[in-house]
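First the structure, in the form of structure tokens, and then the observations on it.
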Number of protein chains: 2
Amino acid sequence: MAHPPTLKQLRYLCAVAEQKHFGNAAKLCNISQSTLSAAITELEENLGVSLIERSNKRVLLTPTGEQITDLSHTILSEVDDLMAVCKASQEPFSGSMRLGVIPTIAPFLLPKLLNRLRKQHPKFRLFIKEDLSKNLVDSLHKGELDVLCLALPYPVEGAESCHLFYDEFLLAYQNNKQMDALESVGTKDLRGQELLLLEDGHCLREHALEACKLRTSDISIPYQATSLNTIVQMVANDIGMTLLPKMSIDAKILSGTKIKTKPFIEKRVRRAIGLTWRKKNPRREEFQQLATFIQDFYL
Amino acid sequence: MAHPPTLKQLRYLCAVAEQKHFGNAAKLCNISQSTLSAAITELEENLGVSLIERSNKRVLLTPTGEQITDLSHTILSEVDDLMAVCKASQEPFSGSMRLGVIPTIAPFLLPKLLNRLRKQHPKFRLFIKEDLSKNLVDSLHKGELDVLCLALPYPVEGAESCHLFYDEFLLAYQNNKQMDALESVGTKDLRGQELLLLEDGHCLREHALEACKLRTSDISIPYQATSLNTIVQMVANDIGMTLLPKMSIDAKILSGTKIKTKPFIEKRVRRAIGLTWRKKNPRREEFQQLATFIQDFYL
DNA sequence: GATGTGCCATCGAAAAAACCGATTGTCAAA
DNA sequence: TTTGACAATCGGTTTTTTCGATGGCACATC
């Protein structure tokens, strides 16, 4: 009695909690249903609590069961981290990692990154999730992702970041005599203008305005697009002008269009790109190595 | 290959890391030396890294070994928490808990608390450590303590607190015509006076001064004592006056002396007493129950 | 340089456990 | 009432764990 649980038991518990079905959970764990059933029973005996309510029609968790399942998840993911640390220490870039990237970075950074990783570190498995910063941060906290590539600053509780590089904003337009006439463009020239921007939720929106020291009230925003490519198409059809991050231009987002770009005369009209991870995550070293790898080809 | 470690293996690893000696570590784990040796070897094979450098003269950890030992410690303590949650859920106040208490609270709260706990919850095992706030917080973070009883506010990273009760400060002196003459004492009357206070490191010092809206420069501190009892002895020998928390007076710290006390006319000349624990600790419910238990007899 | 001592690794056997397939028991739907 | 779906239980087999004994190594002692 009062035996500590084994990791195996905790894994089985999580499987049952997920499947709500002993047979399916057993398959998931590659064991027989009888073994699973016995294991759960033993776990409950050892812990002295009932975790799962079984009826032959449905399986559900007791309140304590929910709580223990949550704890088991964090314990198991820490064990995973432990193994990842070992793998990385025996050979860097040989394990796997789950990276979240925002939509205004992903298409411009990933092709090159994944390509180089495959060539230089073929053993390294990088899983990518592309989503808005907010959702990525949620996934990070849930333990579904290990590290995020975000535009910083972005507030993430209990997290640690490292800077990768700066990404300048350029003014992009097609036909605009007013802009053509200007020797050089300053952010002040944007006041009162119409700007095509991404819809709410994309941090690029706020970062671009902030970098230009603009408030929403300083400009008018006629349309909110869901992707930079859409915006580029609109600019190419002379619907308005916009701010584009340099990395998107480097990635040839403008190819096939007659869109002109102008840098701003001010310095630091830019966003910062960085990596972010849970402060508690023991794989910090690997993240730093990944950061260096990105900088090596991006800078 | 690439088998996940078992909790048993992690426990054994921690034991070896602690003892730096296979034989002793084996005794600690109640297993034979051969079993321990084999287990560590297997762990290293499964993880694919060398964790321990063995020579027949001394055992020491590789850098990765250090890292993995740290991770193992946190994992194991989370498993302990998991078991504690189960124990508490099958019957409140039936497990064990490690409580840190500061020296200006411990002697006045613990006798009553421990006594009542023993009577009402005989199965509950409360381990006490008495130390300065700073050291308790260190122990909390290291996982050596589960919960602290502190005077709040006290900054603790990644922690959560709950308020227990307020503890008034009273002026304590023996012979002092100036104070006798006053109808009522205000904190302003302390300016320029000599006050006996605890030495640096005791948060009572800062909390008392702050409650009286005094700075160190507003008064003179002729002597710094190591305990409230020392201060009381000094006051009883007419060396000066001091500020005493009401809970110490309730606990009869003045018995056998002729020391007089006067409350301040201002309200809120007091410190707040509360419980603090790691935000991540899943035993929050138990801590809240303990808080309620304390309030039930203290309020 | 022989001997002893302390230490960890290894070996083989015995004990313990984990696991499986088959079966049973239970409940609800048909 | 029968059937079907599901989890629990049983008995036997395989795998794992554990132990005591032994081996081998490095150092200290004489």
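Lettering of chains follows the sequences in order, A, B, ..., and the numbering in each one begins at 1. Note: hydrogens, waters and symmetry copies are ignored here, and every other heavy atom, side chains too, is used. Bear in mind the structure is a predicted one, so any value in this text is a computation, not a measurement.
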Q.
As a test of reading the structure: which of D:dT18, C:dC20, C:dA9 is closest to the side chain of B:Thr35, going by heavy atoms?
A. D:dT18
Q: Side-chain contact test, heavy atoms from C-beta onward, threshold under 4.5 Å: evaluate it for B:Phe127 versus B:Ser96 and give yes or no.
A: yes
Q.
Please report the distance, rounded to the nearest Å, between CG in A:Asn46 and P in C:dA17.
A. 11 Å
(Q) With a 6.0 Å cut-off (strictly less than), is the heavy-atom count around NZ of B:Lys134, excluding the residue itself, greater than 12? (A) no
Q: Could you check A:Glu42 against B:His21 and say which one's nearest nucleotide on DNA chain C is further toward the 5' end?
A: B:His21
Q) Between D:dC19 atom C1' and B:Tyr12 atom OH, what is the distance in whole Å? A) 12 Å
Q | Atom pair distance, as rounded to whole Å: CD in A:Gln33 and P in D:dA5 | A | 15 Å
Q) How many Å lie between NZ on A:Lys20 and C1' on D:dC6, as a whole number? A) 16 Å
Q) What's the CG-C1' distance between B:Asn30 and D:dT18, to the nearest Å? A) 13 Å
Q: Applying side-chain contact (heavy atoms from CB on, under 4.5 Å) between A:Val16 and each of A:Asn24, A:Thr69, A:Val59, report the one that passes.
A: A:Val59
**Q.** Separation of atom CD in A:Glu45 from atom C1' in D:dT9, rounded to whole Å
**A.** 13 Å
Q. Could one point to a donor on the side chain of A:Ser34 or the base of C:dG21 with an acceptor on the other under 3.5 Å away?
A. yes
Q: Tell me whether the OP1 or OP2 atom of D:dA8 has a side-chain N or O from A:Arg54 closer than 4.0 Å.
A: yes
Q. Is there a side-chain polar atom (N or O) of B:Ser37 under 4.0 Å from OP1 or OP2 of C:dC8?
A. no
**Q.** Nearest-0.5 Å distance that lies between atom CD in B:Gln9 and atom CG in B:Leu36
**A.** 11.0 Å
Q: By nearest nucleotide on DNA chain C, pick out whichever of A:Gln9 and B:Ala38 is the more 5' one.
A: B:Ala38
Q | Nearest-Å distance for atom pair CD1/P, residues B:Ile52 and C:dC7 | A | 16 Å
Q: Identify whether any heavy atom of B:Ile31 sits under 4.0 Å from a base atom; if not, whether one sits that close to sugar-phosphate; answer base, sugar-phosphate or nothing.
A: sugar-phosphate
Q: Could you check how far CG of B:Leu36 sits from C1' of D:dT17, rounded to whole Å?
A: 13 Å
Q. Parallel, tilted or perpendicular: which describes the rings of B:Phe93 and B:His121, with under 30° parallel and over 60° perpendicular?
A. parallel
(Q) Is the phosphate of D:dT16 approached by B:Lys8 (side-chain N or O, under 4.0 Å from OP1 or OP2)? (A) no
Q. Would you say A:Ser32 reaches C:dC20's phosphate, i.e. side-chain N/O to OP1/OP2 under 4.0 Å?
A. yes
Q) For B:Asn24, which contact category applies under a 4.0 Å heavy-atom criterion: base, sugar-phosphate, or nothing? A) nothing
